[in-house]
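Please read these numbers as outputs of a predicted model, since none were measured by experiment. Chain letters run A, B, ... following the sequence lines, proteins first and then strands; every chain starts at 1. All heavy atoms count here, side chains included; hydrogens, waters and symmetry mates do not.
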Amino acid sequence: MYKAYIANLSYDFKTLRNLMAKATPPRSGDYLAGVAAANNLERVAAQWVLADVPLKQFLNEALVPYEQDEITRLIIDEHDSVAFAPVSHLTVGDFRNWLLSEQTTTEVLTAIAAGLTPEMVAAVSKIMRIQDLILVAKKCRVITRFRGTIGLENRLSTRLQPNHPTDNPAGVAASLLDGLLYGCGDAVIGINPASDNLEATSRLLTMLNDVIDRYAIPTQSCVLAHVTTTLKAIEQGAPVDLVFQSIAGTQKANDSFGINLALLHEAHLAALELKRGSLFDNGMGNNCMYFETGQGSALSANAHQGLDQQTCEARAYAVARKFKPLLVNTVVGFIGPEYLYDGKQIIRAGLEDHFCGKLLGLPMGCDVCYTNHAEADQDDMDMLLTQFAVAGGTFIMGIPGADDVMLNYQSTSFHDALYVRQVLGLRPAPEFERWLQQHGIFNADNQLMAQRELPALFKPALQKLTGGGNG
Amino acid sequence: MVDSKDLWHSLNQFTPARIAQGRAGMSQTTRNSLEFQLAHALARDAVNIPLDFSQLEQRINTLGYTTLTLQTQAENQRMYLQRPDLGRLLSESAVRCLQQYPNIQTDAVVVVADGLSSKAIEQHAVPFLNLLLPELQAKAYQLPPVCLIKHGRVAIGDAVADHYAARLCIVLIGERPGLSSPDSMGIYFTYKAKSGISTDADRNCISNIHNNGLSYDLALKKLLFLLNESEKCQFSGVNLKDETIETALNNQRQQANFLLD
C-alpha cells in the first residue's frame, strides 16, 4: 500500500508507522532508534508516498496498537468526526495546501482542532518547510486563562524560572525579583525544585504564593515536582496554582515517568477544586495544568514503540489537550545530542512541536535551549527564538543570563525576551502588562524604564539589604 | 568596557545565577556577552576531557577500598554521546572481567561512571566515597569492589547490580556540565535494579553535588534516608518520597527571604 517507484528505485514502506519514520527530516534520535531513512532518496520517496495518504487512514491504522496503549485509545475514542468533516476528504499533501490557503483562517483552524489527531498533524509537518510551519502556526490562536490571559494576538509571555541549586529561598527570591524587574513572569513563575521533596516543594509553593499575593502580581506559580508530590502537597493544604507533569506520547513512556491518564485526571480534578485561578478577579481562570514535553523522551525511556520521535511527541499533545492546560512547553534542546544533534535539528524540532501543538489546540511555549554536549550555541538559539516568536509562539523561558544554575543548560534570558518583543512589537499578557506599567518597570511603550531609582514597590525589600539608599 | 550593573546587584550575594547584569539598551552588555561565551567554551571543552581512570583507582585504593575498572559498549566519546543505549551495556571484556570475580551474595554495589563530566568525578567521587563507604560497612553490608565505568550512563549500574545480585545499587555519575558548574556530580539509587527492566521511575536521584551546590554531608544524608526507607518498603523511585527533615530544610526554615520578611 505504501509503495513508490522513484528515480529508478522502488520502495515499499509496509506500514504507516514505518512510512512516517522514513519521511521525517533527519535527526539523531531516529537514527539511534533505527527507524530513520537510510538516505536522502528514501526520505523523499517516503514523503511522496505520505503526501498521498488520506487523512482518514490515520483513523484506520493505529501506529501503536489500540489494545496496548491508552494514548491510542484516547486519540481514537475522543476523535471528533464532526470537527474533522471539512478536511476528511483530504490527503496529507492536500491538507498541507489547505492549511496554507488564505481561506483557512484562524476561525477555521480553531473549528477543526478537535477533529485532528496527533498523527495527522505530525504527518503534514513532515512535508512542510520551516516557513510553512511558521505561516500556519501563526494563524492558530489558543487562549488560556488562570490569573492572566495567555495567547492573545501580538503577545508573547514568559515563564520566569528562578531556579537555585539548593532551593535556597533568598536565592530563588533574588532571581525572581531580577526577572520581575526585567518584565518577566506573565506565563508562570515556575521553579524546578532541586529534589522531589514534599516539604521543600510545599515551602516553595508557599513562598511563591506569598510573593504573588504581597505584590499583587497577576500571574500564577508552579513548582515542577512529580504529580504525585504535588497531589500530596494539595492534600496537605499547600497553595497549588498549576499542577505540573512531564508527559510523553506512549503509555509505556508515561509508565516510566510514573504516570498514567487516571493519575493526571485525579490531579486535574484536585487542582480545579482549589479554584485559585479567580483569586484576582472574577475571570474564568480554570486552565490549571502545566505540561512539559520534548522529542526523544519516549526513546530515552526505551518506549518509542517503533515510532519516530516527532510523531511520538505529537501524541503527547493528545495527553495534554485532554486536561485543558494553561501552558504546554516543548523543552526542545534539553535532551541532548543523541536525539537532536545540532542547532539545525533543534530549530526545526522546536518549530514542528509548536506547529503540531497549536494545530491540536494547545497553548504552546518553547524552551529554546541547548546543552553543553550539543553542537549548538547562542546564534542557533537566536534563530529559533526569533522564528518561534514570528510563528506566534505562546511563551518562552526567562532565566537570568540564559544560564540555569540548577538544571545545567542554557535557555533564553530576560534580555532575550525583551529583544524579541522589541523587534516584533510583542507585548506581555494584558494583566501583567498593566502591573508592569503601574509599578514603573515598563513605560507606556513596554520598554524598561530608565534606572535612576528602584520601583517603589520593591524599594523597601531592597533597602533592608543595603541599609537604606537606593540599593 | 563599561561595567554596567543593575541597582539591585546586592542580590548577587544570594545566588550564583547571572542576575542584575545590567543592559545595553534592553540587550546584554558586551562584558556579559563575552563572559557567557567564555563559560560556554570552558564547558564545551570539559565535556570532551577524558577521565583519568588509573588515577581514580589509585586514589580509591589509597582509602583502603578495592576497585574494578570496566568499560561499556560505547567505545569512544563520540559514540558515547550519540548512542546512550551502548553506554548502558557492559562491553564483552567487562563482562569477562566480572566473571573472574567470585559472585558471592552482596547487599550493595557502588558504581562510579564518568558520564558527561569527568571533572565532576575527578573532584567529588573520592571525597564522597570516603564518607559513604564507611557508612555502608557500618551496616555490615557485603560490598564488591567499587566499579569504575568508562563511558557509562546511569543504567549501567543495573548491569553491575545484576551481576552481583545486589539489592541496592548506588551510581555516582558526572552530570551534564552547566555554564556555572562544569563539575556537578549526581547520585542515582535503585532498589533491586535489573538491567533492561528498571526505568527512571524506579530510581531516586540526588543531583547538583558540587562546591556551590549540595554538600557531601547533605547528599549522604539524603542517600542514607532513601536507602533505609527502601529497605523498609522494598522499592525505590517516584513512590519513595524524600520526606527527610534534614539540615537543608532546617536551614530553609530559618533562612531569611528579603522579599517577604
Side-chain angles (χ1 to χ4, degrees), chain A residues 28 32 164-171 173-175 177-178 181 194-200 203 207 210-211 214 226 228-229 255-258 300-301 336-338 371-373 377 400-406 408-410 413 415 418-419 422 447-448 451 454 461-462 464-466 470-471, chain B residues 6-8 10-12 14-21 23 26-28 32 36-37 39-40 43-44 46-47 81-85 116 175-182 184 199-201 206-208 212-214 222 237-239 241-245 248-249 252 255-261:
Chain A
S28 48
L32 175 64
H164 184 274
T166 60
D167 295 339
N168 175 297
S175 290
L177 179 54
D178 193 48
L181 291 170
S195 80
D196 204 274
N197 172 302
L198 178 58
E199 188 182 341
R203 189 174 309 284
M207 172 198 162
D210 293 351
V211 170
R214 160 122 26 137
H226 192 268
T228 51
T229 304
D255 279 347
S256 89
F257 292 172
S300 81
E338 59 271 39
T371 61
N372 286 315
H373 59 314
D377 61 18
D403 171 16
D404 190 308
V405 293
M406 204 290 278
N408 292 336
Y409 77 120
Q410 285 92 254
S413 66
H415 297 80
L418 291 167
Y419 143 76
Q422 192 179 346
Q447 293 166 332
L448 283 173
Q451 282 185 20
L454 287 164
L462 285 162
K464 270 181 298 183
L465 292 175
T466 51
N470 284 337
Chain B
D6 289 311
L7 292 171
W8 54 93
S10 63
L11 295 181
N12 276 302
F14 298 118
T15 177
R18 293 166 196 262
I19 60 166
Q21 286 201 318
R23 54 198 171 91
M26 289 195 278
S27 301
Q28 211 175 20
N32 286 326
F36 187 101
Q37 296 302 342
H40 185 233
R44 286 287 289 149
V47 174
L81 286 177
Q82 298 197 7
R83 294 290 304 270
D85 52 332
L116 288 169
E175 298 187 315
R176 52 169 65 167
L179 285 192
S180 307
S181 53
S184 183
T199 69
D200 292 347
I206 301 164
S207 65
N208 263 304
N212 297 316
L214 194 66
K222 277 173 184 284
V238 292
N239 292 318
K241 291 300 174 195
D242 178 9
E243 287 167 24
T244 44
I245 306 301
L249 288 173
Q252 281 175 23
Q255 275 162 350
N257 179 349
F258 61 92
L259 270 182
L260 293 170
D261 297 329

For B:Val238 versus A:Phe257, what's the shortest heavy-atom pair and its separation? CG1-O, 4.3 Å
If one checks every heavy atom of A:Ala173 against chain B at 4.5 Å, the contacting part turns out to be both
Mind checking the CG-CZ spacing from A:Leu465 to B:Phe14? Nearest 0.5 Å is all I need. 4.5 Å
Just give me the residue among B:Met26, B:Gln21, B:Gln82 that pairs up with chain A most often, heavy atom to heavy atom, under 4.5 Å. B:Met26
Top residue by heavy-atom pair count (under 4.5 Å) with chain A, among B:Val47, B:Thr199, B:Ile19, B:Asn257? B:Ile19
Which atoms of A:His164 are under 4.5 Å from chain B, going by heavy atoms: the side chain, the backbone, both sets, or neither? side chain
So for A:Ser28, is it side chain, backbone, both, or neither that comes closer than 4.5 Å to the heavy atoms of chain B? neither
Please rank B:Asp200, B:Leu81, B:Leu259 by heavy-atom pairs under 4.5 Å with chain A and give me the top one. B:Leu259
Distance in Å, B:Glu175 CD paired with A:Asn408 CG, rounded so as to fall on 0.5 Å steps: 6.5 Å
Show the nearest heavy-atom pair for residues B:Phe36 and A:Gly401, with the distance to one decimal. CE1-O, 3.4 Å
Chain A shares the most heavy-atom pairs under 4.5 Å, among B:Ser181, B:Pro84, B:Ala39, B:Ala20, with B:Pro84
Choice from B:Asn32, B:Asp261, B:Leu260 maximising heavy atom contacts with chain A below 4.5 Å: B:Leu260
Please determine, among B:Leu116, B:Asn212, B:Leu179, B:Asn239, the option with the most heavy-atom pairs under 4.5 Å with chain A. B:Leu179
Below 4.5 Å from any heavy atom of chain B, which atoms of A:Asp404 appear? Answer side chain, backbone, both or neither. neither
